Asks: 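First, the structure itself, so that you have it in front of you.
Only heavy atoms go into these numbers, but all of them, side chains included; no hydrogens, no water, no symmetry mates. These numbers come from a predicted model, not from an experiment. For the single chain, residues carry numbers from 1 onward in sequence order.
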Amino acid sequence: MITIEQADRLKKLPPYLFAELDRKKAEARSRGVDVIDLGVGDPDLPTPDNIINKLAEAAREPRYHRYPTYTGMNEFRKAVSRWYKRRAGVELEPIPEIVSLIGSKEGIAHIPLAFINPGDVVLVPSPAYPVYAIATMFAGGIPYEMPLLKENSFLPDLGLIPSDVLGKAKMMFLNYPNNPTAAPATQEFFRTVVDFAEKHNIMICHDFAYSEMTFDSYVPPSFLETPGAMDVGIEFHSLSKTYNMTGWRIGWAAGSAKIIDGLGRIKSNIDSGIFEAIQVAGIEALEGDQQCLADMRDIYTERRDILVGGLRKLGINVEPPKATFYVWFEVPSGYGSASFAALLLEKSGIVATPGNGFGSPGEGYVRMALTVSKERLAEAVDRIAKAGF
Ligand SMILES: *Cc1c(COP(=O)(O)O)cnc(C)c1O
């Protein structure tokens, strides 16, 4: 017998706040409750056919069966560069300003290993995608939470960060359009961020996963289109949400060559890149027929209007999101995030994600994902009406 003990980095992980809800969801299902799950941020729609066909074709090519290049096929990186030019008017050199990733989560999780020494501070938004803070801790860094508050349009107030924290801060994560609040960022905000980064010598890592998941013709700005951004930061992106490809694991990071180089060096010592047939299919996603984008937006718009319109009729104060597939709203008075989510499940068989699971400033909110059909969303609204919160 040996003693098998997990490393301190695992012991220091924050408690998994959704464990209780996961248990209740499984328990409701086992009782035969027809659960409407609005908890998961994973598209229910299939990957478009042209992309699947391209993968099927490429998978038969023996030249793609060997180890890929660590930092991505040149053709894929060129397609990303053309995407930036078309989408944001940004000029990027495929080498050395772009690296492909096994999903953007992979790059987000690895980037602190390239730049953060023990004791360095990383500024992370809260509420947020949990990977920013956890990847920081895995590298020995200290996450400093920047609260995203409604009164500040869910943008961090950079002026509130104490100077001793700024002295140790080396990196900042941002994510707009934002998960979980659905908030957009403005070009002026990004301008402030670039000035702040230059003044305090802080690298910016912007997560742009929801750039194309938008409503009402809204076009979110890329961080990289801000003058000076290319010198201070990078942007993470992914095909996951845009083309319903969460299972395929393909994304990229683009921007400052020095930052991309650090990330590439970490990656080349940890993984061996993305299956090249998937990269070929990724090129098809970016450069093939884009009708799928318009179709996706129509479907989510219909769903959003059913859910937001329905909740508003019930007197719940919900803002229609401009982007992402999340609806983020304050729970009715008298409830907290966890108690409202528990009651929704118990009385209506609906799973929503309690906002405090993304960080304490999310307390008092819940997040619902538009990842079920419009019929199921209408049913969810009916059930909430019947339960009479
Ligand atoms: C879904 C999501 C991603 C995408 O992750 P992939 O690893 O590319 O699938 C990244 N950031 C946020 C905030 C997300 O919600």
Asks: Once rounded to the nearest 0.5 Å, what's the spacing between atom CD1 of Ile95 and atom OG of Ser81?
Replies: 11.0 Å

Asks: Taking Glu276 first and then Arg63, would you say they form a salt bridge - that is, a charged N and a carboxylate O separated by under 4.0 Å?
Replies: no

Asks: Just do the salt bridge (Lys or Arg N to Asp or Glu O under 4.0 Å) check on Arg303 and Asp298 with the steps written out, would you?
Replies: CA-CA 9 Å; Arg303 292 179 179 182; Asp298 287 348; over 6 Å; no

Asks: Tell me whether Arg383 is salt-bridged to Asp34, with the criterion being a basic N under 4.0 Å from an acidic carboxylate O.
Replies: yes

Asks: Answer yes or no: is there a donor N or O on one side and an acceptor on the other, between the side chain of Thr353 and the main chain of Gly39, under 3.5 Å?
Replies: yes

Asks: One thing to verify: whether Asp216 and Lys322 come together as a salt bridge, which I'm taking to mean a side-chain N less than 4.0 angstrom from a carboxylate O.
Replies: no

Asks: Out of the candidates Ile306, Ile350, Ile36, Val372, only one should pair with Glu379 under the side chain to side chain contact (heavy atoms under 4.5 Å, CB included) rule; please name it.
Replies: Ile36

Asks: Got Phe154 and Asn178 here, is their nearest side-chain heavy-atom distance under 4.5 Å?
Replies: no

Asks: If the threshold is 4.0 Å, N to carboxylate O, is there a salt bridge linking Glu75 and Lys78?
Replies: yes

Asks: What class does the angle between the rings of Phe275 and His65 fall in, given that below 30° is parallel, 30 to 60° is tilted and above 60° is perpendicular?
Replies: tilted

Asks: Going through the checks in order, is the ring-ring contact (aromatic ring centres under 6.0 Å, His included) test met by Tyr129 and Tyr132?
Replies: CA-CA 7 Å; Tyr129 189 55; Tyr132 313 134; 5.7 Å; yes

Asks: Hey, is Lys12 close enough to Asp8 for a salt bridge, meaning N to O under 4.0 Å?
Replies: no

Asks: Would Arg249 and Glu106 pass as an ion pair if we require N to O under 4.0 Å?
Replies: no

Asks: Could you tell me whether the side chains of Tyr176 and Tyr210 share a donor-acceptor contact shorter than 3.5 Å?
Replies: no

Asks: Quick one: are the ring centres of Phe173 and His206 less than 6.0 Å apart?
Replies: no

Asks: Between Lys241 and Glu212, is the closest basic N to carboxylate O distance under 4.0 Å?
Replies: no

Asks: Please determine if Glu330 and Lys150 form a salt bridge, counting it only when a charged side-chain N lies under 4.0 Å from a carboxylate O.
Replies: yes

Asks: So, is the end of the Arg304 side chain (NZ or CZ) under 6.0 Å from the ring centre of Phe215 and within 45° of the ring's axis?
Replies: yes

Asks: Taking the side chain as every heavy atom from C-beta outward, state whether Leu263 and His110 have any atom pair closer than 4.5 Å.
Replies: yes

Asks: Flag the pair Glu235 / Tyr84 as yes when at least one side-chain heavy-atom distance between them is below 4.5 Å, and no otherwise.
Replies: yes

Asks: Kindly compute the distance separating CG (Leu224) from CD1 (Ile234), expressed to the nearest 0.5 Å.
Replies: 9.0 Å

Asks: With a 4.5 Å limit on heavy-atom distance, are the side chains of Pro184 and Tyr218 in contact?
Replies: yes

Asks: To the nearest 0.5 Å, what is the distance between CG (Leu307) and NZ (Lys374)?
Replies: 14.5 Å

